[in-house]
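Quick notes on the structure that follows.
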Amino acid sequence: MSDQPAGRVLDLNLHLLDRQVVDTEGLLVCKVDDLELEPGENGALYVTAILVGPRALGSRIGGRLGRWIMSIASRQATTPPPRIDMSRVRAIASAVTLDAHRADLGVAPLDDWVDRHIISRIPGSRHESE
Amino acid sequence: MKPRYALIVVWLVAGAVLLAGCVGPARTTGRYVGKATRTANDAISALQTAALAVHTSERGRMLSPYLNVVLTQAESDFNSVQQTFDSIQPPDTREADAIRDRLDKILTDGSDVLGQLRILARRGDQVKMVAQARSIPELVDKLDRFVTEVSG
Amino acid sequence: MKNLFAITLGILTAIGGFVDIGDLVTNGLVGARFGLSLVWATLVGLIGICLYAEMSGRVAAVSGRATFDLVRERLGPRAGLANLVASFLVTGLTFTAEIGGIALSLELASSVNYLLWVPLAALLLWFTLWRVKFTALENGSGLLGLALVVFGVALWQLHPDFGSLAHQVVHPHKPAGEGTLTYFYYAIALFGAAMTPYEVFFFSSGGVEEHWSRKDLFTARLNVFVGFPLGAALSICIAAVAALVLKPASISVDNLGQVALPVAVALGKLGLAVAILGFVAATFGAALETGLSCGYSVAQYFGWQWGKFVRPREAARFHLVVLLSLILATGVVLTTIDPVTVTEYSVVFSAIALPLTYFPILVISNDRDYMGDHVNGRLTNALSSVFLVIIVVAAVAAIPLMLLTKAGQ
């Protein structure tokens with residue numbers, strides 16, 4: 001079973017990398033910071049997962065700055081680098097749409113941390129102002 | 001964009017900002033005259049602001065909190081202009097010293113007037129304030145003549 | 001009828017929202033010093049921002065995405081990061097200037113020292129950013145900002161020779177006694193004041209906040225092509241009254257109070273009160289916009305959930321960035337650095353950052369992937385390309401001119 005949606009051939013730079021990832025409700029999840037590629041049976045490379053977070057982004061920023069970002073992120077990391085398996089990707093268009101809910105994905109540990117320790121402590125954080 | 005180039009740009013920008021704010025010593029009489037002229041013009045601006053504000057108040061067209069702020073600001077601008085000028089090391093010529101003395105005298109008078117205006121405005125003493133402001137045109141005139149004569 | 005109301009509201013908001021502390025100070029300063037001989041720079045800036053705001057609004061309406069959102073996709077993570085850093089710093093500097101502007105305006109109203117107003121202003125800003133609905137925020141500050149129309153009324157009351165004013169505009173003539181370099185330095189400053197980068201990013205992010213779709217294209221365009229020119233007209237009125245009242249008296253503008261003086265001269269107490277109200281509203285509104293823009297740019301680069309249209313808990317990192325930007329900007333103001341000086345630098349740095357912020361918009365609005373059939377027409381592309389050249393020239397010339405003229409002295 002192919003991990004790609006319909007086994008498409010994509011120009012990764014043009015159609016996949018740095019795209020906004022959106023969950024099934026339309027909420028913003030993250031960007032495609034990097035991709036996990038694995039060779040398939042016929043030798044062609046398949047995209048198996050979307051990689052998220054400073055470690056992934058740092059390797060693409062490259063240079064001294066990128067390596068610095070990656071080293072800080074690795075030192076602070078308590079979990080393996082967040083990844084979204086390509087099987088969860090429903091559509092690739094101007095954004096990458098997933099068939100999961102953002103809360104189930106666990107790709108934004110910083111957001112959860114900030115939410116729990118800072119934002120939720122400020123009164124009024126539960127209500128949308130719109 | 002390579003980090004090195006970015007760093008160079010950052011230094012250039014920082015340097016530009018710092019240099020733009022610098023006031024250096026005046027090494028020649030010509031340069032000193034330039035600084036004196038600029039000082040005189042800034043002083044005129046502060047005095048005229050005060051004069052216009054008081055005149056507008058005389059016509060019943062001013063709000064007193066605003067008037068207070070404008071006069072206080074004019075006074076503090078004036079004083080800082082005088083301070084900056086006094087802190088410049090004049091070149092070692094008689095001409096430069098004469099310029100300094102002449103300008104300083106007018107500036108001191110101006111500083112007194114503006115200080116008085118600020119106090120009278122805060123006290124709400126319209127009459128005395130208007131009377132005090134009548135000495136401004138003469139000071140402005142002195143500064144104008146200073147600029148003309150000194151720039152030659 | 002309801003549609004007409006919505007459209008009018010949008011236009012009014014655009015007018016009132018066009019003028020911020022940078023426009024207030026720069027136009028007052030230039031009017032008092034150069035008369036109307038630099039109005040052409042404001043007009044050039046106006047055309048530029050109309051072009052690019054229309055593009056970024058179109059991007060928001062058609063693709064449902066804000067422009068900065070798409071910068072990283074089109075430029076890649078490295079260039080996108082450079083863009084983010086530059087935009088964030090310039091917007092942060094502008095934010096600092098606006099907060100200073102609010103405090104200075106409140107000082108003019110109360111004669112209480114501006115530093116004492118800073119914490120209150122910051123708290124009020126935070127509360128508004130946190131709790132007030134986006135549309136209410138926009139409409140409220142925009143409508144109150146319309147109070148600045150009083151400058152137009154003051155101009156009328158001063159009974160100027162409109163013919164001679166028009167002549168000054170159409171035949172710009174550098175005043176005797178001013179250097180050519182200084183003249184062009186202030187042209188760049190006016191340009192930067194009219195085309196502040198945060199405006200286009202805010203316009204498109206705001207479009208997404210208000211859930212624009214293709215149906216809203218007409219409204220968005222009306223806002224831009226009617227609202228912005230009227231806003232620029234207000235800026236020109238501020239310069240004109242300064243030219244008529246301050247310039248003949250040899251008054252040069254170095255604080256906010258002097259900018260309102262011509263209104264007091266022309267209209268008296270009521271006009272002055274309205275002008276000060278306008279100052280407070282314009283700076284407060286602009287502070288809200290720049291504060292949000294600080295959050296928008298960072299969140300949109302990293303792909304975080306952003307916006308006031310979701311609960312704060314859903315966009316925790318976005319709100320944290322906004323809060324930290326507010327704290328940092330407030331801290332800078334509290335160092336007692338002169339807010340007017342900060343403003344003067346912020347407009348010039350805005351001009352320097354323009355190519356970085358405008359080039360991606362041109363690229364994205366030509367991209368069929370996002371825009372479908374609504375890509376730029378040939379005229380738009382031609383004009384925008386010309387403007388890109390102008391923007392680059394201004395950006396490159398800004399620092400040398402700043403050095404050579406010692407920031408306009």
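Please read these numbers as outputs of a predicted model, since none were measured by experiment. Chain naming here is simple, since letters A, B, ... match the order of the sequence lines and numbering starts at 1 in each.
- Using a 4.0 Å cut-off between charged nitrogen and carboxylate oxygen, Glu95(B) and Arg100(B) do not count as a salt-bridge pair.
- Comment: Asp141(B) engages Arg145(B) in a salt bridge, judged by a side-chain N to carboxylate O separation of less than 4.0 angstrom.
- A donor atom on one side chain and an acceptor atom on the other are not found under 3.5 Å apart for Ser64(B) and Arg122(B).
- With a 4.5 angstrom heavy-atom cutoff, Ala260(C) touches chain B via backbone and side-chain atoms both.
- Counting all heavy atoms, side chain and backbone alike, Val253(C) lies closest to Gly28(C) at CG2-O, 3.5 Å.
- Within the 4.5 angstrom heavy-atom criterion, no atom of Tyr114(C) approaches chain B.
- Between chain B and the residues Val245(C), Leu272(C), Val85(C), the largest count of heavy-atom pairs under 4.5 Å involves Leu272(C).
- Among Asn68(B), Val69(B), Val70(B), the residue with the largest count of heavy-atom pairs under 4.5 Å with chain C is Val69(B).
- A donor-acceptor contact closer than 3.5 angstrom links the side chains of Ser110(C) and Trp117(C).
- In this structure, Gln82(B) and Asp104(B) approach most closely via the heavy-atom pair NE2-OD1, 3.7 Å.
- Checked against a 6.0 Å centroid threshold, the rings of Phe88(C) and Phe68(C) do not count as neighbours.
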Next item on the list: Decide side-chain contact (heavy atoms from CB on, under 4.5 Å) for Glu344(C) and Val25(C); before the verdict, give the C-alpha distance in whole Å, the side-chain angles of both, and the deciding distance to 0.1 Å.
Entry: CA-CA 8 Å; Glu344(C) 291 177 24; Val25(C) 168; 4.3 Å; yes

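- Looking at Leu246(C), only its side chain comes within 4.5 Å of chain B, counting heavy atoms on both sides.
- Residue Leu256(C): no heavy atom, backbone or side chain, is found under 4.5 Å from chain B.
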Notebook entry, point to check: Between Tyr186(C) and Thr405(C), is a side-chain contact (heavy atoms from CB on, under 4.5 Å) present by the stated rule, with each step listed?
Noted result: CA-CA 10 Å; Tyr186(C) 280 108; Thr405(C) 64; over 6 Å; no

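- Within the 4.5 angstrom heavy-atom criterion, atoms from both the backbone and the side chain of Ala273(C) approach chain B.
- For Asn113(C), no part sits under 4.5 Å from any heavy atom of chain B, backbone or side chain.
- Of all heavy-atom pairs between Ser350(C) and Gly192(C), the closest is CB-O, 3.8 Å.
- Interface with chain C: from residues 43-62 of chain B, residues Ile44(B), Ser45(B), Gln48(B), Thr49(B), Leu52(B), Ala53(B), Thr56(B), Arg59(B), Gly60(B), Arg61(B), Met62(B) qualify, criterion being any non-hydrogen pair under 4.5 Å.
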